[in-house]
Amino acid sequence: MSNYIKAELYRITRGRSILGNIIICLGALVLAAATFMQDLFHPNYLTVASTFPMMAAIISIAAGAAIGKHYADRTAQYEIMDGANSHKLIWYRLIVYISLLTVAYFIPVCAVMLIYEHTEKTLAAIGLFYIVFLRMLFSVIGITMTIKTPAGAMVPYARMMIENIFAVLGLATNEDKVFDMTGGIISVFKWFPSTECTLVANGMLDSDLIIKALIGFVIEAALMYWLAYTSYKKKWYVRTTIGGHV
């Protein structure tokens, strides 16, 4: 698998100037700072929770855009035609992008939280946030590898916008709620990242919430992995023009 990882890292850096890579790293740090936008002077896990899902969706687009470019340039066709191991193709991308974005974005966010508030609650919140972070990355990588177009990177962003609307308008602890998330189809949204983080922002962090987030991650990660694996095994075509395939 190491050769796959080296190849992906080479693809990411090839053709980009040092200035371009610096800009990308600075962009990740800007998003890390924006995560604390509600209270820049007293950042803690409560302030992070309210903006973290959207920030995680935005940073995950970097992974989707890089993978989507791989398909747009048609270099991915060589992997398919060469009969590369489908499991390795998926795992090396997950390893590369999760590692890079964890270092560039998630670790700086955690460092600031721990500096200002080093408590057990902060550590528990970090664990939940990382589950949400991984869930978003699995989602964007799985979707992009399945539909094989750069547009796949925007799907998680649109999804998080919808989730945020339901979390803000329907969360039971919100005084201005429009509807109640206690039953029926609406209650399903309580299993999604945005609602889980909104609950944390409202001071409702507990072990049950972390377990629920972990279960949701496992289910979605398995689904995304299955879709990506199936797309390679069945050699789903790469769409490059309107109405046509190659």
Side-chain angles (χ1 to χ4, degrees), residues 31-32 34-39 42-60 94 98 101-102 105-142 155-225:
L31 285 176
T35 304
F36 301 97
M37 63 177 60
Q38 287 199 356
D39 193 346
H42 304 89
N44 54 50
Y45 76 88
L46 294 174
T47 61
V48 170
S50 57
T51 55
F52 185 79
M54 189 57 68
M55 295 299 121
I58 293 173
I59 196 66
S60 68
L94 289 170
I98 287 174
L101 297 181
T102 296
Y105 170 75
F106 192 79
I107 289 179
V109 169
C110 295
V112 174
M113 281 192 292
L114 289 172
I115 290 172
Y116 277 82
E117 189 177 10
H118 184 68
T119 65
E120 290 185 2
K121 279 285 188 178
T122 301
L123 294 174
I126 288 174
L128 185 142
F129 293 150
Y130 199 60
I131 293 171
V132 170
F133 187 60
L134 291 178
R135 185 170 178 175
M136 293 307 303
L137 286 174
F138 265 79
S139 177
V140 70
I141 291 173
V155 174
Y157 183 79
R159 163 225 176 138
M160 196 53 62
M161 288 291 290
I162 296 172
E163 286 188 24
N164 271 330
I165 292 173
F166 275 86
V168 172
L169 298 182
L171 195 60
T173 55
N174 191 329
E175 295 179 358
D176 299 321
K177 66 180 180 180
V178 176
F179 47 81
D180 194 357
M181 274 191 178
T182 57
I185 298 176
I186 299 301
S187 64
V188 174
F189 278 84
K190 297 182 72 173
W191 285 84
F192 288 110
S194 186
T195 307
E196 291 163 354
C197 289
T198 304
L199 288 169
V200 174
N202 289 332
M204 300 176 66
L205 175 63
D206 55 26
S207 58
D208 289 340
L209 185 62
I210 296 175
I211 292 173
K212 183 179 291 186
L214 184 59
I215 293 173
F217 161 69
V218 171
I219 293 174
E220 185 165 352
L223 176 61
M224 291 298 106
Y225 190 93

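Quick caveat, the model's predicted, so the values are computed rather than measured.
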>> Going by side chain to side chain donor-acceptor pair (under 3.5 Å), name the residues that satisfy it together with Tyr45, two or more places apart in sequence or in a different chain.
In response: none

> Among pairs that include at least one residue of residues 195-216, which meet ring pair (Phe, Tyr, Trp, His ring centres under 6.0 Å), considering only residues two or more places apart or in two chains?
Replying inline: none

>> So, using ring pair (Phe, Tyr, Trp, His ring centres under 6.0 Å) as the criterion, who are the partners of Tyr225 when residues are at least two apart?
In response: His87, Trp91

> Side-chain contact, heavy-atom cut-off 4.5 Å: Phe138 with Ile98?
Replying inline: yes

> Closest approach of Ser50 and Thr47, non-hydrogen atoms and distance?
Replying inline: OG-O, 3.1 Å

> Between atom CD1 of Ile58 and atom CE of Met136, what is the distance when rounded to the nearest 0.5 Å?
Replying inline: 10.0 Å

Donor-acceptor list for residues 106-118 side chains, cut-off 3.5 Å, not counting sequence neighbours:
none

> Can you tell if the side chain of Ile210 reaches within under 4.5 Å of the side chain of Leu205, non-hydrogen atoms only?
Replying inline: yes

> Which is it for Val200 and Glu196 under the side chain to side chain contact (heavy atoms under 4.5 Å, CB included) test, yes or no, and what are the steps along the way?
Replying inline: CA-CA 6 Å; Val200 174; Glu196 291 163 354; 5.9 Å; no

>> Holding to side chain to side chain donor-acceptor pair (under 3.5 Å), I want the full list of residues that pass it with Thr122, two or more places apart in sequence or in another chain.
In response: Thr119

>> Rounded to the nearest 0.5 Å, what separates atom OG1 in Thr102 from atom CG in Leu134?
In response: 6.5 Å

> Considering only heavy atoms from C-beta outward, does the side chain of Ile219 approach that of Ile215 to under 4.5 Å?
Replying inline: yes

>> If the condition is side chain to side chain contact (heavy atoms under 4.5 Å, CB included), which residues does Leu46 pass it with, not counting sequence neighbours?
In response: Asn44

> Which heavy-atom pair separates Phe52 from Cys197 by the least distance, and what is that distance?
Replying inline: CD2-SG, 4.4 Å

> Which salt bridge (Lys or Arg N to Asp or Glu O under 4.0 Å) pairs, counting each pair once, include a residue from residues 200-223, with sequence neighbours left out?
Replying inline: Arg135-Glu220, Arg159-Glu220

> Which pair of non-hydrogen atoms, one from Leu101 and one from Ser60, has the smallest distance, and what is that distance?
Replying inline: CD1-CA, 4.4 Å

